[in-house]
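Notes follow once the structure below has been shown.
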Amino acid sequence: MGYLKTFHPCFVIIFLFFHLLHFSAIEANNGGFSVKLIRKNSLHDPSRRLMGSSNPNAAQSTTTAYLGHYLMELSIGTPPVTIYGITDTGSNLIWTQCVPCDNCYKQSNPMFDPQKSSTYSNISCESQQCHKIIDTGVCSPENRCNYTYGYAGGEVTQGVLAHETITLTSTTGQPVSLEGIIFGCGHNNTGTFNDHEMGIIGLAGGPASLISQIGSSFGSKRFSQCLVPFHTDISISSRMSFGDGSEVLGDDVVSTPLVVKQDPTPYFVTLQGISVGDTYLPFNDSSENVEKGNMFIDSGTPPTILPQQLYDRVVAQVMKQVPMNPIEGDPDLGSQLCYRTSTIPEGPILTVHFEGADVPLTPIQTFIPPKDGVFCLGLTNSSDVVIYGNFAQSNYLIGFDLERHVVSFKPMDCTKH
């Protein structure tokens with residue numbers, strides 16, 4: 001769901017069956033805060049148990065999986081209105097559907113009405129934020145900063161840039177309010193959204209993102225996440241942490257540089273190759289001549305997207321090492337590598353070789369069940385982008401340190417932390 005992102009059409013169909021994660025509670029102390037990512041089916045359950053932070057210095061949030069995305073719960077405005085937005089490290093803008101919304105997709109919860117909020121204020125055309133925060137800002141007849149923000153999957157939001165108070169609720173019940181946050185009040189929103197998705201929470205590196213706007217207000221400009229796999233019981237939550245205490249430390253931690261490019265949005269890393277079992281497959285024919293920053297990490301895209309040549313070699317090796325016959329001729333599955341089985345296939349470890357960091361992936365992270373009795377390899381291909389998707393990010397504590405420009409990986413059973 002990242003900004004100007006390509007999404008493979010086969011996976012749009014295949015992963016339509018998945019449950020999203022939802023951002024819920026936040027704990028703030030010692031400078032940082034954390035939020036829980038709560039399973040969709042427990043969103044409105046008043047008896048649900050909130051997960052405390054495993055690190056007392058971090059603020060944490062929970063997430064729940066639904067249709068291949070992770071949703072963050074937060075409140076916007078005064079009085080606060082709860083919204084659920086896709087957490088997306090591949091895009092910047094924070095936006096939600098707003099009243100009036102004549103050309104909008106259907107959502108199950110009431111839309112945000114800016115006229116009912118005492119802290120809402122439009123950004124004027126003369127404001128530097130109109131053009132510097134988001135380069136699509138244009139002037140309306142009412143002197144409001146109108147925006148158009150598009151995604152390569154075809155999703156588009158159009159509306160007004162505004163300032164508003166965003167509130168996160170701590171695990172102790174204490175609210176944490178962030179005043180003057182720039183967001184998009186979307187009045188014309190189209191695309192492949194479902195009725196639980198009320199917008200997108202951009203977490204990328206551009207100036208409009210939540211991370212950039214928070215800055216070092218919570219001690220440091222860093223955040224981390226621990227996402228449960230998509231075939232996890234819906235009562236088990238994920239989490240996200242911000243600021244001090246969100247560092248990824250301890251044994252088994254590996255780190256790779258974040259590559260700074262002209263476009264500050266994506267979190268670029270360098271993929272050197274992938275091993276299927278003991279078979280190493282370089283990124284290209286010349287593994288010594290790999291472009292720096294040839295892949296970016298994106299929580300808004302479910303599958304990992306590889307260049308065609310590398311994808312073909314990985315699939316061929318997986319087929320050799322999985323002791324089952326793949327499904328053939330099923331139009332619902334397209335060209336994806338899938339197996340008919342009620343349990344996760346016995347497959348090889350796929351080791352992703354980033355610069356300076358080897359990240360092993362077990363079958364629970366690489367095989368995804370699009371429907372009952374079928375598991376598919378959670379990879380696809382593209383000639384345009386190379387993306388490390390959120391299926392592969394599960395069961396790792398992944399830390400983004402935007403001050404040191406590194407991303408760190410620590411293997412972890414996220415269902416227990």
Side-chain angles (χ1 to χ4, degrees), residues 1-7 9 12 69 71-72 74 76-77 81 83-107 111-115 117 120-164 166 180-195 197-213 261-266 296 298-301 384-385 387:
M1 193 59 69
Y3 180 53
L4 294 181
K5 184 186 306 174
T6 301
F7 197 45
V12 173
H69 292 128
L71 299 185
M72 174 188 292
L74 51 80
I76 187 169
V81 175
I83 67 169
Y84 302 99
I86 298 169
T87 59
D88 190 11
T89 60
S91 68
N92 295 308
L93 184 65
I94 306 164
W95 67 270
T96 188
Q97 298 205 111
C98 288
V99 174
C101 216
D102 297 329
N103 185 25
C104 290
Y105 60 89
K106 180 182 177 182
Q107 69 175 49
M111 293 183 189
F112 176 69
D113 187 346
Q115 293 188 355
S117 173
Y120 176 92
S121 63
N122 290 310
I123 293 177
S124 70
C125 298
E126 289 79 15
S127 170
Q128 291 185 348
Q129 296 168 333
C130 182
H131 305 288
K132 289 189 175 181
I133 290 291
I134 181 168
D135 58 11
T136 59
V138 296
C139 193
S140 73
E142 300 80 18
N143 194 35
R144 296 172 180 171
C145 182
N146 286 357
Y147 74 89
T148 299
Y149 201 82
Y151 302 80
E155 299 84 3
V156 177
T157 175
Q158 295 178 315
V160 179
L161 280 187
H163 289 114
E164 190 50 285
I166 290 178
I181 296 295
I182 298 170
F183 83 110
C185 208
H187 298 292
N188 184 348
N189 314 298
T190 59
T192 56
F193 298 99
N194 66 72
D195 61 0
E197 299 166 351
M198 301 170 68
I200 293 178
I201 311 300
L203 296 168
S209 78
L210 178 62
I211 298 301
S212 294
Q213 293 194 62
K261 294 191 177 185
Q262 184 176 1
D263 182 359
T265 296
F296 65 91
D298 185 4
S299 66
T301 294
D384 300 320
V385 294
I387 295 175

So I181 and I94, do their side chains get closer than 4.5 Å, heavy atoms only? yes
Contacts of type side chain to side chain donor-acceptor pair (under 3.5 Å), residue [X], not counting sequence neighbours:
| X | result |
| --- | --- |
| Q115 | none |
| S212 | S209 |
| Q107 | Q97 |

Is a side-chain donor or acceptor of [X] paired with a backbone partner of [Y] at a separation under 3.5 angstrom?
| X | Y | answer |
| --- | --- | --- |
| S299 | T87 | yes |
| D88 | G202 | no |
| Q213 | L210 | no |
| S124 | R144 | no |

Identify the heavy atoms of [X] and [Y] that sit nearest to each other, and give their distance.
| X | Y | answer |
| --- | --- | --- |
| C104 | G186 | SG-O, 4.4 Å |
| P100 | H187 | O-ND1, 2.7 Å |
| T148 | Q158 | OG1-NE2, 3.3 Å |

Calculate, to the nearest 0.5 Å, the distance between atoms CD and CD1 belonging to Q128 and I123 respectively. 12.0 Å
When W95, Y151, Y147 are each screened for side chain to side chain donor-acceptor pair (under 3.5 Å) with T157, the one that passes is Y147
When you look at E142 and N122, which way does the side-chain hydrogen bond (donor to acceptor under 3.5 Å, both in side chains) test go after all the steps? CA-CA 10 Å; E142 300 80 18; N122 290 310; over 6 Å; no
Does any donor atom in the side chain of N189 or E155 lie under 3.5 Å from an acceptor atom in the other side chain? no
Given side-chain hydrogen bond (donor to acceptor under 3.5 Å, both in side chains), test Y149 with S91 step by step and report yes or no. CA-CA 10 Å; Y149 201 82; S91 68; 4.9 Å; no
Quick one: side chain to side chain contact (heavy atoms under 4.5 Å, CB included) partners of S121, sequence neighbours excluded? H163
Those residues that, when tested against N103, pass side chain to side chain contact (heavy atoms under 4.5 Å, CB included) (two or more places apart): N188, T190
F112 vs E164, test: side-chain contact (heavy atoms from CB on, under 4.5 Å). Steps then yes/no. CA-CA 12 Å; F112 176 69; E164 190 50 285; 3.5 Å; yes
Could you label the plane-to-plane angle of the Y105 and F193 rings as parallel, tilted or perpendicular, counting under 30° as parallel and over 60° as perpendicular? parallel
